[in-house]
Structures are given as C-alpha cells and as structure tokens.
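Following: one structure in structure tokens, then a few remarks.
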2 protein chains.
Amino acid sequence: MALRHAVLAALLDEELSGYQVTKAFAAGVANFWHALPQQVYAELARLEKEGLVAGREVVQEGRPNKRLFRVTGEGLAELEGFASAAAKPAFLREDLLVQVQAADHLDADVLIERLTERYAFAEAKAALFEEQLRRMRGGLGEAEFLLRGARVGPYLTCRRGRDFERANRDWCRDVMEVLRARRAAGGEV
Amino acid sequence: MALRHAVLAALLDEELSGYQVTKAFAAGVANFWHALPQQVYAELARLEKEGLVAGREVVQEGRPNKRLFRVTGEGLAELEGFASAAAKPAFLREDLLVQVQAADHLDADVLIERLTERYAFAEAKAALFEEQLRRMRGGLGEAEFLLRGARVGPYLTCRRGRDFERANRDWCRDVMEVLRARRAAGGEV
DNA sequence: TCCTCATAGTCAAGAAAGTGACTAGTCAGT
DNA sequence: ACTGACTAGTCACTTTCTTGACTATGAGGA
C-alpha cells in the first residue's frame, strides 16, 4: 500500500501515460520514490480496476497509442485517507552503510573506491535535483515561490531529495578522510 | 542479498545471540538497517547452513538457553566480496514524502499533524544516536577517536543515522513553516 | 496472586518489491 | 541496409518484507 499512493500523487497535477509515470519514477526524476515499469503498469491497472484512476486512450500518429491516466474523486479520497493516517518513518537502507559498518575488518582501499563512486553519484543527483528546482521556481526567488507559487508539494519533496544527496556526498567525503587519516596514522605506529 | 550482509556486519565485533541481533535491528539501535525477529532468525539459520556464521549453544540458568553466533572465515570473505562490488545507492522512501508531494491537494492541518509527529520522532531518534555516539567515543574527543579509536565503522554509520534524522527534523520544520505561511498569505487574498 | 515485561525463539501466510525477458513500431544516423 | 535509441507496454518468476500469530520461562511490582 505504498507505491499506489506514490503513483496517485504523481498523477495529481497532470494527466500522464504509464510510460511517463515510469519515466518520472526512473533514475533521475524520482524525488520521493522509485519503481520499475512493470510495477508502475501493474499498479495503474489495479488502481483503474478499483476506480481510483481513470484512463483514456489517445491515438497517436507515428508512434504507439497510449493511455493517459488521471486521478478520480475516489482516488483523491484514498490519498486523503492515506495522509490522515500516521506515516511510518523510513530508515536508511544503503548497501554502502553496511560496508562502512564493517570498515574495521575490510580493506580501506576497496571501501574508498565504493565511497568515491557514491560521492560522484550523490553529487550528480544533487545537481539534477537543483536543476529541477530551478525549473519549478521559474523566474521567482525561492521565498517568493514557496509563498505564492502553485504546487509547492513537488518542490518541497525535491528539496528533500537534494539535501539527502548532499548529505550523502558530505558523509562519503568525511568517511574517506577518516579512513585516509587512520591509514597515515597507522603507518606512524 | 542485503539483510544477510547487515547481519554479518553486526556480528563482526561481538558474538551475539539471535535475540540480541534482533534487538540491535529493532526500533532504536539500528543505525544502518531494520528487520523483524523472524527475518533475523531466518537469515541466521541460512547463514549457518552456508557456513558463514557459526553458532554455539550457551546454557543459562534462570532464563532460556541461547545460541551465540560469530562470523567464520567464509563469512568474512563473503563480506569482502560484497564490499568489492558496487553498492546500489538508496533513495528516500518515506510515506511522508508522498503525502507532502500531494500537499497542494490535501488539507494543510492534516499534513501539519503528520509533520509534527515526524519531527518529534526524528528529534528523539537523533538524540538516541547522539547518546550512542557519546558512549562509543568513551572519554575521547571526536577527532581523536576517529583517528585512533578501535572500530570506527559503527561510529561512522551511526553518525550518518544521526545526521539523517536531523535533516528529517529540519525538513519537517521548514515544510510546516511554508504551509503555515501560505495559509496566512491565502487569508490575505 | 495476578499481571506485565523481558528473554529466547518459531511457524505460516501474504503483500510488496525486484529481475529478466520480450513485443512492436518509429526515427536518426552511418 | 543496418544499428541503436526512444516510445509504449506486457508476462512470468523470485526474493524480500511484513503481519499475526504462538511457545516457554523467570523476575518484579500492585
């Protein structure tokens, strides 16, 4: 009961095809969730069967036809119900954290490789989010946009995504620094 | 192939019973993963069958006997293999993010309730992590501990947990501020 | 004495998420 | 003429996670 609400939330502001939702959930853009095409299509089918979204066929020339989905009244009610119940807090579940947890028993060079990769990934993702935020703000300053802009929801979640990746990046940097310093100090002994 | 490595990492520094691992993975202490008892016991059974951990029966008086597990050579090799492969980066997967994503279509008061709850939770969890960090440092200053302390791995992951919850707390605070300001500004119009 | 909490663990079943492979058409380049 | 990338979507299968039980024993408090 989680992806379903994420899909509903994604469809709130615009009518999208399954493929577009898929895109939104894939690599770059997913600021608050992630899912593969198969999962998205399956969820959309279920949501349509339950009447929470409505699809309409759009005939296209030069490319396959598509089905655009929008959220129904029941769909919105479902989201309201979801928001009125306590959200269960998430925890960090990163492979890299497990690897660093075992740092004292593993080769530092190998870990530094992993941290370097993650650092670059976080940096790239943060930049991507930043770019998205800029687009959403349009010409407005951030304070102005947050006060009077239409649709601040996606903006606020995107900002969380950016800050999350920045924090990941900084953590990777700090951990690498510690590992290097300890190696140097170990050499002293 | 993820919980198994988390369990292995947890057993690296000390011999623990399934129950103790369970505790470590439950609510408070899990700085890098979370799992229910059933999963932990199932994983331990699998790990033992594959020879990655070794268990020994400890007869106790006044309470049920227990089995203490330690990581074998193969277990450590498995972890090394795990660390040498690229870690897949995690993304945020919080119900609350989905709820805020839909903020423009939902009742602000309801959302503020959720945010208040999450704020308190994050604050409490961050304090818990902070306390754990203090204990791990012992008498040493942080810089000194990071350079010369034994077992910095758990310390570094715990620090990530603390910073994650602090970021969650700050984000909740900011989002609430935005929602309140917009409501006030909406009243103006 | 009863109640609850902590220790120590297990079973069964289901929902949710992830993996791999596959169809089928269009367009831009080489 | 061929290759690769993009649009649009589907089938089958597996792993992982979660829910909800249930068994024991002992200690401490009302």
Between the protein and nucleotides 24-28 of chain C, list the N/O to N/O atom pairs that are separated by less than 3.5 angstrom.
{"residue": "C:dT26", "atom": "O4'", "partner": "A:G62", "partner atom": "O", "Å": "3.4"}
{"residue": "C:dT26", "atom": "O3'", "partner": "A:G62", "partner atom": "O", "Å": "3.0"}

Report each atom pair, protein N/O against N/O of nucleotides 19-21 of chain C, whose distance is under 3.5 angstrom.
{"residue": "C:dT19", "atom": "OP1", "partner": "B:K88", "partner atom": "NZ", "Å": "3.3"}
{"residue": "C:dG20", "atom": "N7", "partner": "A:Q38", "partner atom": "NE2", "Å": "3.3"}
{"residue": "C:dG20", "atom": "O6", "partner": "A:Q38", "partner atom": "NE2", "Å": "2.3"}

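Nucleic acid contact for A:R93: sugar-phosphate only, since backbone atoms but no base atoms lie under 4.0 Å from a heavy atom of the residue.
Here A:R67 does not pair with A:E15 in a salt bridge; the nearest charged N to carboxylate O distance is not below 4.0 Å. Taking the charged nitrogens against the carboxylate oxygens, A:R160 and A:D163 have no contact shorter than 4.0 Å, which rules out a salt bridge.
For A:E142 and A:Y155, the side-chain atoms include at least one donor-acceptor pair closer than 3.5 Å.
Under 4.0 angstrom from either OP1 or OP2 of D:dT10 there lies no side-chain N or O belonging to A:Y41. Proximity of A:Y19 to the phosphate of D:dT7: a side-chain N or O atom is located under 4.0 Å from OP1 or OP2.
If you take CD of B:E48 and P of C:dT10, they are 10 Å apart, rounded to a whole angstrom. As rounded to whole Å, 8 Å separates atom P of C:dG9 from atom NZ of B:K66. Atom pair A:H34:NE2 and C:dA17:C1' shows a separation of 10 Å (rounding to whole Å applied). The distance from atom CZ of A:F25 to atom C1' of C:dA16 is 14 Å, rounded to the nearest whole Å. For the pair B:H5 NE2 and D:dT15 P, the interatomic distance rounds to 15 Å; values are reported in whole Å. Remark: P of C:dT7 and CG of B:L16 are 13 Å apart, rounded to the nearest angstrom. Remark: C1' of C:dA17 and CZ of A:R4 are 15 Å apart, rounded to the nearest angstrom.
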*asked:* I'd like to know whether A:R135 forms a salt bridge (charged side-chain N to carboxylate O under 4.0 Å, His left out) with A:E131, so could you lay out the CA-CA distance, the side-chain angles of the two residues, the decisive distance to 0.1 Å, and finally the verdict.
replied: CA-CA 6 Å; A:R135 269 210 311 277; A:E131 170 59 19; 3.6 Å; yes
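Less than 6.0 angstrom separates the ring centroid of B:F91 from the ring centroid of A:H34.
Ranked by how close their nearest DNA chain D nucleotide is to the 5' end, B:E43 and A:Q60 are led by A:Q60. If you find the closest nucleotide of DNA chain C to B:N65 and to A:R46, the one lying nearer the 5' end belongs to B:N65.
Using a 30° and 60° split on the angle between ring planes, B:H5 and B:F82 fall in the parallel class, below 30°.
In the hydrophobic clustering of this structure, A:F164 groups with A:M136; members are Ile, Leu, Val, Met, Phe, Trp, Tyr whose side-chain heavy atoms approach within less than 4.5 Å, directly or through other members.
Annotation for A:N65 and A:Q60: closest pair OD1-N, 2.9 Å, computed over non-hydrogen atoms. Scanning both residues, B:A85 and A:R114, for their nearest heavy atoms gives O-CD, 3.2 Å.
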